[in-house]
Amino acid sequence: MNSLTLTRPDDWHLHLRDGAMLQAVIGHTAARFRRAIVMPNLTPPVTRTEQALAYRARIVAALPADTDFEPLMTLYLTDQTSREDIEQAAGSGAVTAVKLYPAGATTNSAAGVTAIERTYAALETMAEHGIPLLVHGEVTAPDIDVFDRERVFIERVLAPLSERFKTLKIVFEHVTTRDAVEFVRAARPGIAATITPQHIRCNRNALFAGGLRPHHFCLPVLKAETHRQAVLDAATSGNPRFFLGTDSAPHSRASKESDCGCAGIYSAHAGIELYAETFEAAGQLDRLEDFASHFGADFYGLPRNTGTITLQRKPWRVPARYEINGEQLVPFMAGEDIAWTLQA
Ligand code: NCD
Ligand code: ZN
């Protein structure tokens, strides 16, 4: 097979940032995806509906002229998020989901949730209105090993939460462990997970290949090979609980190559091609369309897309960097070849 036509896919986990970075990255996503769930971890975070509407307008203004790309907006959950905040979000029709960042878990999460009990009123209201909770699933307790944070989050937070709010839809974002995929497989209805390209392609050795590799640093951090294999198996299993979310997370080169480098891997430049290559290597290319274009929309209760994209089996070289307003952005697979090319 030298050409692959898919229903236009959606990206169910994306960081677009703002200003010059937004302007520079949005075209990559819009060329590939019809919709994307846009994460709210700006500074300051998008905690209220007015902010989400204003951010949506800035995204739409940054879009290339000839696109029908649609940003799906999210709110950033805090200890202070009230019933009224959720009712306003539901009433606006412009907020698709709410994101839980445990305080201190990742980039711009300082304003996140300090204790899950503080969000119960908001979660109850979300369940009433059918608004999904998107979860960054890592505990932040300093005594927990960084590689165990996801597993411990399931035990301490996610499993009890999913039982307490039985009708709340939950997406366990960017799962990275065997524990997480096993949890999602066995969970009650209404629980799903997104999977990134890096977590099905790389294990934690990539962080230390010949030296320290900041461009492979993201959160949750890459895991051991057994976990990578389990997450890849889930992505390619045909189970509708697992769907595409790139977690493309651009940071400038200077802020990655630093003595305290930011977490985040930029992958929107090849946001579907990376998955195509990996699914093919796993012998499961025929399962890509469900994962990339069907299961996420079905979970969110949104219509499947009607258009298509076509990939050609033709290698292309990922640039070493993109220049953005005097800064640089180093993409995932910089300087390497990817086997599938998006047809213009
Ligand atoms: C994300 C970012 O940079 O905003 N970073 C990351 O490593 N994935 C935040 C997140 O999704 O955790
Ligand atoms: Zn993210």
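All ligand and atom numbering here is 1-based and tracks the order in the structure.
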Review point. Among protein heavy atoms, which lies nearest atom 7 (O) of ligand 1, and at what distance?
Key: L219 N, 2.7 Å
Review point. Do NZ/NE/NH1/NH2 and the carboxylate oxygens of E150 and K223 come within less than 4.0 Å?
Key: no
Review point. Should you measure from each heavy atom of H136, which atoms of ligand 1 turn up under 4.0 Å away?
Key: 12 (O)
**Study point:** Polar contact flag, side-chain donor to acceptor under 3.5 angstrom, E138-H136
**Key:** yes
**Study point:** Carboxylate-amine/guanidinium contact E336 R317, below 4.0 Å
**Key:** no
Practice item. Tell me whether the guanidinium CZ or amine NZ of K169 lies under 6.0 angstrom from the six-membered ring centre of F299 and within 45° of its axis. Key: yes
Practice item. Look at the side chain of R241 and the backbone N and O of G190, then say whether any donor-acceptor pair between them is shorter than 3.5 Å. Key: no
Check your understanding: With a 4.0 Å cut-off on heavy atoms, is R17 touching ligand 1?
Key -> yes
Check your understanding: Under 4.0 Å between a Lys/Arg side-chain N and an Asp/Glu carboxylate O for R201 and E277?
Key -> yes
Review point. What protein heavy atom sits nearest atom 1 (C) of ligand 1, and how far away is it?
Key: H15 NE2, 3.6 Å
Practice item. Could you tell me whether M39 approaches ligand 1 through its side chain, its backbone, both or neither, with non-hydrogen atoms closer than 4.0 Å? Key: neither
Exercise for review: State plainly whether the residues K99 and E173 are in salt-bridge range, i.e. N to O under 4.0 Å.
Suggested key: no
Exercise for review: Give the numbers and elements of all ligand 1 atoms closer than 4.0 Å to a heavy atom of C218.
Suggested key: 7 (O)
Check your understanding: Counting heavy atoms only, which part of E173 comes closer than 4.0 Å to ligand 1: side chain, backbone, both or neither?
Key -> neither
Check your understanding: Salt-bridged, R228 to E225, with N to O below 4.0 Å?
Key -> yes
Practice item. For ligand 1, indicate whether the residue I265 contacts it via side chain, backbone, both or neither (heavy-atom separation under 4.0 Å). Key: neither
Check your understanding: Looking only at side chains, do R83 and T125 share a donor and an acceptor under 3.5 Å apart?
Key -> yes
Revision key, fill the gap. Near the Zn ion (ligand 2) (protein N/O/S, cut-off 2.8 Å, waters excluded) we have H13 NE2, H15 NE2, D247 OD1
Check your understanding: With a 4.0 Å cut-off on heavy atoms, is H13 touching ligand 1?
Key -> yes
Review point. Are D68 and R8 close enough for a salt bridge, meaning some N to O gap below 4.0 Å?
Key: yes
